[in-house]
There are 2 protein chains.
Amino acid sequence: MAPNVRYSASKENHLKAIFHLQQEHGIVTTNALAAALQTRPASVTDMLKKLKDQKLLIYERYKGFKLNNEGRKAALQVIRKHRLWEYFLVKKLQFGWDEVHEIAEELEHIASKKLIDRLDAFLGFPEADPHGDPIPDSQGRLQTRRQINLAQLPLGKVAQVSGIASQTSEMLELLQYNHIRLGTRLEIKKKFPFDESLEVKVRNRPPVTLSARVAKNVLVNDDEPITERR
Amino acid sequence: MAPNVRYSASKENHLKAIFHLQQEHGIVTTNALAAALQTRPASVTDMLKKLKDQKLLIYERYKGFKLNNEGRKAALQVIRKHRLWEYFLVKKLQFGWDEVHEIAEELEHIASKKLIDRLDAFLGFPEADPHGDPIPDSQGRLQTRRQINLAQLPLGKVAQVSGIASQTSEMLELLQYNHIRLGTRLEIKKKFPFDESLEVKVRNRPPVTLSARVAKNVLVNDDEPITERR
DNA sequence: ATTAAATTTTAGACAAATCTAAAAATAAAA
DNA sequence: TTTTATTTTTAGATTTGTCTAAAATTTAAT
Ligand SMILES: [Mn+2]
Ligand SMILES: [Mn+2]
Ligand SMILES: [Mn+2]
Ligand SMILES: [Mn+2]
């Protein structure tokens, strides 16, 4: 069995952020990564060299970069840990889904593979974290699912929230305030072309208005509603 | 509310080790601490200066050192975290009591106080970790020890020998023969009502049978051991 | 009381991760 | 195609934690 390969917390944070960024754009830039990690471009460059030396990254200077297979595998393990811990915090320790991210940001760096596999079993092998993001399995396989954002949802069609793209605590707080969470069924009542804002209706609630910015970050699946586990 | 005061993992490890060492001897020496932490005396001296500057330590060079009130408080929080995580690993994730230490050594450095208090509640406010060591409460209070004899010890509970009531040489020889001495951790595997004899297990040894007569003379403290292990 | 041994501290070095300021390369505008 | 702006990298520092080797101090032995 492969022993626990260890990367520093900082390296793991970089790998994870690169993974996420390259999901959106295929290639990642120094500035984008620096912004994502709240650090400086120069620091990113420093780290890129190290990751390249460790053969986790495809990188040529001035040309952008992306993870290679090793790097992707490592990133997925970190993501797995992060999401399992988030699930644990919400489902077992009664944290709100908007307050678990910071803590998981630390817990994700605990190395033991055995620990995380046991935790997975203890939690009943959940498929998604409290924000609706899928949890990679023990081999790092990630389930993909089709999701569209709220802005793309046609008027009058009921859909169920299946994920939140930008998980800043500010964003989560706003949704919380409007009673929108994972599994919430909602419907677009009106679209305002002026600023692309939406009036959204949640069952048993007065309608609320969401900005285009927010709408783009709320992911829904209109065909197969996710089974909300509790 | 006091925000989470953060100390580096290395500082926490030092504080904890100093706490344990000064339980045994009142004052701690550089070499002893270096040995406990598997590091070098020079490194210890470096850290002592920092801990002193942060007012966690009473220290004058060449004179030994010990924690002050702040330092003791910090150490107890780390010990609390360590032991609660160990309990979690054994009771919830089915780890063996002999394989949790390393992992807890990492988990103990996760900062969030809220996390640890929630974990505590989730676990049902356990009083002792899987090795029989008492778990400090949220305010850092450690339970005071109480001594009972082996015959009174509940089945399956790990305890540490803290005294021998009748110290005849015959008695001591018998205990010696069975590898039981001060500080030995043991657990009762079975009680035979017929003659009130006990089957006792010491780590890394085959089980041994003790008569009721012997058991009554072996004193253990199931909460606060003399020589605290992590 | 000297001398020898052990302990502890200092001096100086190194690795990891970060930063600022300046230089180099690339991209965009004129 | 020059010029200008933006992005990225380098050069050089800084902080934290660690180390080795040597010096200082304390303790133990003769
Ligand atoms: Mn993290
Ligand atoms: Mn999440
Ligand atoms: Mn530790
Ligand atoms: Mn323990």
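A, B, ... follow the sequence lines: proteins, then strands. Residue 1 opens every chain.
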What is the nucleic acid contact for [X], judged by heavy atoms within less than 4.0 Å: base, sugar-phosphate only, or nothing?
X     : result
B:K49 : sugar-phosphate
A:Y59 : sugar-phosphate
A:T30 : sugar-phosphate

Check the distance between [N]'s [atom2] and [X]'s [atom1] and give it to me in whole angstrom.
X     : N      : atom1 : atom2 : answer
B:L48 : C:dT9  : CG    : P     : 7 Å
B:Y62 : C:dA6  : OH    : P     : 17 Å
A:R61 : C:dA23 : CZ    : P     : 18 Å
A:L37 : C:dC19 : CG    : P     : 10 Å
A:E60 : D:dT9  : CD    : P     : 11 Å

Any carboxylate oxygen within less than 4.0 angstrom of a Lys/Arg side-chain nitrogen, looking at [X] and [Y]?
X      : Y      : result
B:E12  : B:R6   : no
A:R80  : A:D117 : yes
A:E106 : A:K81  : no
B:R83  : B:E86  : no

Q.
Nearest to the side chain of B:H14, heavy atoms from C-beta on, is which of D:dT9, C:dT8, D:dT18?
A. D:dT18
Q. Distance under 6.0 Å and angle within 45° of the ring axis: does A:R118 meet both against B:F95?
A. yes
Less than 3.5 Å apart, which donor and acceptor atoms pair up between the side chains of residues 26-54 of chain A and the rest of the protein, not counting sequence neighbours?
residue: A:T29; atom: OG1; partner: A:A32; partner atom: N; Å: 3.3
residue: A:T45; atom: OG1; partner: A:P41; partner atom: O; Å: 3.2
residue: A:K52; atom: NZ; partner: A:Y59; partner atom: O; Å: 3.2

(Q) Please check this pair: side chain of A:K66 against backbone of A:F19, looking for a donor-acceptor N/O pair closer than 3.5 Å. (A) no
Contacts under 3.5 Å, N or O only, protein and nucleotides 15-17 of chain D:
residue: D:dG17; atom: OP1; partner: B:S8; partner atom: OG; Å: 2.5

**Q.** Option passing ring-ring contact (aromatic ring centres under 6.0 Å, His included) with A:H82 (candidates A:H20, A:H101, A:H131)
**A.** A:H101
Q) If you look at every heavy atom in A:L67 and A:A75, which pair is closest and at what distance? A) CD1-CB, 4.0 Å
Look for any protein N or O under 3.5 Å of an N or O in nucleotides 19-21 of chain D and output each such pair with its distance, or none.
residue: D:dC19; atom: OP2; partner: B:T39; partner atom: OG1; Å: 2.6
residue: D:dC19; atom: OP2; partner: B:R40; partner atom: N; Å: 3.3
residue: D:dC19; atom: OP2; partner: B:S43; partner atom: OG; Å: 2.5
residue: D:dC19; atom: N4; partner: B:D46; partner atom: OD2; Å: 3.0
residue: D:dT20; atom: OP2; partner: B:R40; partner atom: NE; Å: 3.2

(Q) Is there a side-chain contact between A:N31 and the phosphate of D:dT8, meaning an N or O under 4.0 Å from OP1 or OP2? (A) yes
